[in-house]
Undergrad: 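My questions all concern the structure below.
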Number of protein chains: 2
Amino acid sequence: MNTTISDIAKIAGVAKSTVSRYLNGGSVSEATRRKIEHVIKETGYIPNSFAQSLKAKKTSMIGAIVPRLDSFAASQTVTGMDEELRENGYQLLIINTSQNLSREIEALYDLARQKISGIVLFATQITESHLTAIEEIGIPVIFLGQQHEDVHSIIYDDYTAGYEIGRYILAKGHRDIAYLGVTEKDVAVGVRRKHGFQQALKEQAGASADFYESGFRMSVAVEAASRILDNRDRRPTAIVCATDNIALGVMKAAHMRGIRIPEDISVTGFGGYDVTEVIHPGLTTVKYGYAAGGRLAARQVMKLVQEESVDTLTVLDYEFIERESVDNIE
Amino acid sequence: MNTTISDIAKIAGVAKSTVSRYLNGGSVSEATRRKIEHVIKETGYIPNSFAQSLKAKKTSMIGAIVPRLDSFAASQTVTGMDEELRENGYQLLIINTSQNLSREIEALYDLARQKISGIVLFATQITESHLTAIEEIGIPVIFLGQQHEDVHSIIYDDYTAGYEIGRYILAKGHRDIAYLGVTEKDVAVGVRRKHGFQQALKEQAGASADFYESGFRMSVAVEAASRILDNRDRRPTAIVCATDNIALGVMKAAHMRGIRIPEDISVTGFGGYDVTEVIHPGLTTVKYGYAAGGRLAARQVMKLVQEESVDTLTVLDYEFIERESVDNIE
DNA sequence: CAACGCTTTGGAACCGGTTCCGATGCTTTG
DNA sequence: CAAAGCATCGGAACCGGTTCCAAAGCGTTG
């Protein structure tokens with residue numbers, strides 16, 4: 001069943017170094033080439049990549065540590081990474097942590113044990129143990145989605161995007177706004193988007209906002225939205241949501257109550273998920289190029305592996321997409 | 001940087017076999033245990049898993065070959081697999097083929113080279129080369145989503161689901177129906193769902209359907225839907241779609257034309273994607289338990305690896321979900 | 001006190017490849 | 001025709017672990 005290079009050599013009547021040379025394009029005579037070729041076809045020999053990597057002391061694998069796979073952002077990003085890596089002869093090894101922070105640390109050591117060449121970490125929070133682990137494994141790591149000065153980072157321009165959403169909502173005449181965000185532990189989504197929004201708010205006299213917190217899951221968002229919508233004596237004219245998923249939850253909660261969007265209340269999202277385009281009304285949101293982000297992360301990590309220099313911080317652009325979910329109430 | 005077991009042994013003043021014994025829980029005296037422990041902590045030694053697997057001649061990895069990652073079904077399934085495998089000490093290696101059939105074959109050989117223990121193939125089409133590859137690599141393989149008599153298979157009950165959708169639509173009084181399907185090369189989605197639907201149709205006098213073909217992507221579905229909707233002199237009262245994505249495309253195409261759902265035309269889907277619940281109107285569809293399917297596939301492949309017996313064919317249940325996208329026109 | 005048994009340890013072989021180096025045989029050149 | 005050069009090949013060492021076996025050290029027992 002499991003033929004080795006020695007078997008091939010023995011059957012072909014040559015030394016295993018010759019077989020190895022044949023496999024790796026060394027100088028082999030036409031006669032032996034044919035012999036070996038024939039034996040390999042005959043036996044269905046497949047080289048053992050462990051033995052190869054053992055000698056080479058490295059693999060052509062790049063690891064991706066993701067908090068979850070079943071999210072639009074994650075799957076898009078991973079797909080982008082995978083394609084870029086494959087085009088360059090690398091293989092992607094995905095580790096799903098199921099949003100378990102300590103599992104990220106384990107994953108780091110795990111990947112080191114497997115002599116992975118580089119790692120892209122889809123970060124949500126960055127702790128001390130992350131940094132010591134990265135230090136200890138001695139493998140290039142890139143943060144995607146969060147930044148830290150000691151580690152190469154790629155982030156989306158959440159602050160400016162939040163600012164632009166805020167400006168837009170205000171320009172549409174909204175003054176009583178609810179901001180439905182997420183935990184501040186997630187710096188990018190929970191803090192930076194909100195701060196951008198707050199900056200816009202500060203620049204506009206007479207505008208005020210209440211801040212609420214939700215989870216990432218749509219079901220939690222529906223609940224959080226209910227709290228806002230059921231507050232009869234102080235209902236905002238617009239709800240700004242920190243993610244598209246949350247916005248979807250708000251829209252559902254509104255629809256269940258017969259509240260129309262955008263006539264009765266306006267909604268915005270963040271992310272640019274595909275569905276935001278097909279639903280009715282279309283969701284005004286900010287679109288991030290997740291696939292492009294994944295490709296870039298892949299390119300950068302490959303550079304780091306080859307010991308080329310890479311910018312410590314890369315900020316990715318976004319695209320503001322205006323659809324129908326915001327009413328002009330001037 | 002890269003300390004080996006020999007380094008540890010030298011520093012600790014013991015033989016490397018002793019260190020290995022320490023690491024794998026053999027009998028080591030308290031004194032040497034402490035010495036080795038200390039040195040390992042000091043150096044941050046991480047064993048090279050290649051060398052381990054080389055000797056062990058296997059890994060604790062299971063491979064998943066998926067046509068694409070950025071689909072609801074795939075990411076749910078993969079997540080389920082991953083969790084089940086991790087709980088049992090296996091690691092998942094995902095290979096994304098970007099819907100390139102020949103890459104599935106490459107992936108098969110690739111995984112063999114890496115001495116993966118078992119493989120779950122998210123099948124769309126099964127060709128001769130698939131079967132010879134599976135034969136040749138000598139590793140347990142499970143088909144998920146398609147069946148073949150020679151390979152362990154897990155499928156969803158597409159035929160019955162299609163039948164039930166058909167019965168439902170007919171019971172609601174629809175007689176002029178458009179079926180928007182996909183290529184017949186995909187036996188599960190393209191053939192079995194359709195056949196189930198056709199069976200229901202055959203049992204109902206006076207009902208007829210036109211069959212159209214679309215791709216899996218929503219944008220293609222929008223186009224295909226347009227052909228149906230713009231055919232003024234023969235517009236069906238209902239469109240049955242082979243996937244939720246296609247149904248979403250139909251809904252968008254309808255909305256762009258001011259055609260109301262379900263008042264002007266009814267729509268059904270297949271799959272049970274999360275979004276079908278939050279959109280308005282809610283999409284009547286059939287829900288598959290993708291995560292559960294993934295877990296089951298994982299369990300079966302682990303059994304095969306341990307040379308336990310497994311049913312050749314497992315048929316997974318579905319759940320019919322009635323929402324608001326179908327009108328009663330009796 | 002010799003024989004025995006148990007725990008602990010070191011040495012060596014092995015897993016399946018790659019690579020370096022030296023030997024061989026053939027062709028080319030002066 | 002001898003010397004030099006080149007392509008081809010075999011042997012051995014090596015990558016970093018695991019495992020088998022024999023030896024050493026120790027206490028127990030008759």
Side-chain angles (χ1 to χ4, degrees), chain A residues 1-37 39-40 43-61 109-117 137-139, chain B residues 1-37 39-40 43-61 109-117 137-139:
Chain A
M1 179 99 302
N2 262 325
T3 39
T4 74
I5 199 172
S6 307
D7 299 333
I8 303 295
K10 205 171 299 168
I11 300 175
V14 297
K16 63 176 188 167
S17 51
T18 305
V19 179
S20 175
R21 231 175 290 118
Y22 161 81
L23 290 170
N24 298 298
S27 78
V28 187
S29 76
E30 193 49 40
T32 55
R33 173 185 307 278
R34 262 200 302 276
K35 266 193 300 185
I36 297 174
E37 217 156 43
V39 176
I40 286 182
T43 54
Y45 165 68
I46 299 176
N48 179 335
S49 68
F50 290 138
Q52 296 177 312
S53 313
L54 175 58
K55 181 70 178 181
K57 292 182 136 187
K58 67 174 184 83
T59 57
S60 50
M61 283 213 210
Y109 287 109
D110 227 53
L111 293 177
R113 210 189 322 279
Q114 299 186 43
K115 296 290 177 251
I116 280 246
S117 303
I137 61 177
I139 295 176
Chain B
M1 179 97 301
N2 261 326
T3 40
T4 73
I5 199 171
S6 307
D7 298 333
I8 302 296
K10 206 171 301 170
I11 300 175
V14 298
K16 65 175 188 169
S17 50
T18 307
V19 180
S20 174
R21 231 174 289 119
Y22 161 81
L23 289 170
N24 298 300
S27 78
V28 186
S29 77
E30 192 50 38
T32 55
R33 173 186 306 281
R34 262 201 303 277
K35 266 194 300 184
I36 297 175
E37 217 156 45
V39 176
I40 286 182
T43 55
Y45 165 67
I46 299 175
N48 180 335
S49 67
F50 289 138
Q52 295 178 312
S53 312
L54 175 59
K55 181 71 179 181
K57 292 180 139 189
K58 68 174 185 85
T59 58
S60 50
M61 283 214 210
Y109 287 110
D110 227 52
L111 293 177
R113 210 189 323 279
Q114 297 185 44
K115 295 291 178 251
I116 281 248
S117 303
I137 61 178
I139 296 177

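Sequence lines set the chain letters: A, B, ... in the order given, protein chains first and strands last, and positions in each chain run from 1.
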Undergrad: Side-chain donor or acceptor of B/Lys57 under 3.5 Å from a matching atom on the base of C/dC15?
TA: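 No, the side chain and the base share no sub-3.5 Å donor-acceptor pair.
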Undergrad: To the nearest angstrom, how far is A/Arg33 atom CZ from D/dA7 atom P?
TA: 14 Å
Undergrad: Would you say the side chain of A/Ser17 and the base of D/dG10 hold a donor-acceptor pair, judged only by whether the two atoms sit under 3.5 Å apart?
TA: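 Checked by distance alone, the answer is yes.
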Undergrad: Indicate whether OP1 or OP2 belonging to C/dT7 is found under 4.0 Å from a side-chain N or O atom of B/Ser27.
TA: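 So the side-chain polar atoms of B/Ser27 never come under 4.0 Å of the phosphate oxygens OP1 or OP2 of C/dT7.
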Undergrad: Of the candidate nucleotides C/dT9, C/dG16, D/dC9, which contains the atom at the shortest distance from the side chain of A/Ala51?
TA: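 Shortest atom-to-atom distance from the side chain points to C/dG16.
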Undergrad: Between C/dC14, D/dT8, D/dG10, which nucleotide gets closest to the side-chain atoms of A/Ala15?
TA: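 My answer, after comparing the listed nucleotides, is D/dG10.
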Undergrad: Just how far, in rounded Å, is P of C/dG17 from CD1 of A/Ile8?
TA: 9 Å
Undergrad: Would you please test A/Ser17 and A/Arg21 for side-chain contact (heavy atoms from CB on, under 4.5 Å) and show each step?
TA: CA-CA 6 Å; A/Ser17 51; A/Arg21 231 175 290 118; 3.6 Å; yes
Undergrad: Checking all strands, does A/Val19 fall into the base, sugar-phosphate, or nothing category for heavy-atom contacts under 4.0 angstrom?
TA: nothing
Undergrad: So does A/Lys16 reach the base of C/dG17 with its side chain, donor to acceptor, closer than 3.5 Å?
TA: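 A donor-acceptor contact between them is present.
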Undergrad: Starting from P on C/dA12, measure out to NZ on B/Lys55 and report it in whole angstrom.
TA: 16 Å
Undergrad: Whole angstroms only, please: what is the CZ-P distance between A/Phe50 and C/dT18?
TA: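 Atom CZ in A/Phe50 sits about 15 Å away from atom P in C/dT18.
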Undergrad: Could you tell me whether the side chain of A/Asp7 and the main chain of A/Thr4 form a donor-acceptor pair under 3.5 Å?
TA: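 Here the side-chain-to-backbone pair exists.
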Undergrad: Please report the distance, rounded to the nearest Å, between CD1 in B/Ile40 and C1' in D/dG17.
TA: 13 Å
Undergrad: Below 4.0 angstrom from OP1 or OP2 of D/dC9, is there any side-chain N or O of A/Thr18?
TA: no
Undergrad: With side-chain contact (heavy atoms from CB on, under 4.5 Å) as the criterion, how do A/Thr43 and A/Ile8 come out once you've worked through the C-alpha distance, each side chain's angles and the decisive distance to 0.1 Å?
TA: CA-CA 8 Å; A/Thr43 54; A/Ile8 303 295; 3.4 Å; yes
Undergrad: Determine, for B/Arg33 against B/Glu37, whether the closest basic-nitrogen to carboxylate-oxygen distance falls under 4.0 angstrom.
TA: no
Undergrad: Among D/dC15, C/dG17, D/dG17, find the nucleotide with the atom closest to the side chain of A/Leu54.
TA: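 Comparing D/dC15, C/dG17, D/dG17 against the side chain of A/Leu54, the answer is D/dC15.
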Undergrad: Looking across every strand, which nucleic acid part, if any, lies under 4.0 Å from B/Ser49 by heavy atom: base, sugar-phosphate, or nothing?
TA: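 Nothing, no nucleic acid heavy atom in range.
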Undergrad: Nearest-Å distance, CD (A/Gln52) to P (D/dG16)?
TA: 16 Å
Undergrad: Quick one: B/Asn24 CG to D/dG16 C1', roughly how many Å, whole number?
TA: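 Rounding to the nearest Å, CG of B/Asn24 and C1' of D/dG16 are 13 Å apart.
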Undergrad: For A/Asn48 and C/dC15, is the shortest distance between a side-chain N/O and OP1 or OP2 below 4.0 Å?
TA: no
Undergrad: If you only use heavy atoms from C-beta on, which nucleotide in D/dT18, D/dC9, C/dT9 is closest to the side chain of A/Arg21?
TA: D/dC9
Undergrad: Report yes if at least one side-chain N or O of B/Thr4 is closer than 4.0 Å to OP1 or OP2 of D/dG16; otherwise report no.
TA: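 For D/dG16, neither OP1 nor OP2 has a side-chain N or O of B/Thr4 closer than 4.0 Å.
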Undergrad: Should A/Ser53 be listed as having a side-chain N or O under 4.0 Å from OP1 or OP2 of C/dG17?
TA: no
Undergrad: Closer than 3.5 angstrom, by distance alone: can the side chain of B/Ser53 be matched with the main-chain N or O of B/Ser49 as a donor-acceptor pair?
TA: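 Yes.
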Undergrad: Can you tell me how far P of D/dG16 sits from OH of B/Tyr22, to the nearest Å?
TA: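 So the OH-P distance, B/Tyr22 to D/dG16, works out to 21 Å.
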Undergrad: For B/Ile5, which of B/Asn48, B/Thr18, B/Leu23 qualifies under side-chain contact (heavy atoms from CB on, under 4.5 Å)?
TA: B/Leu23
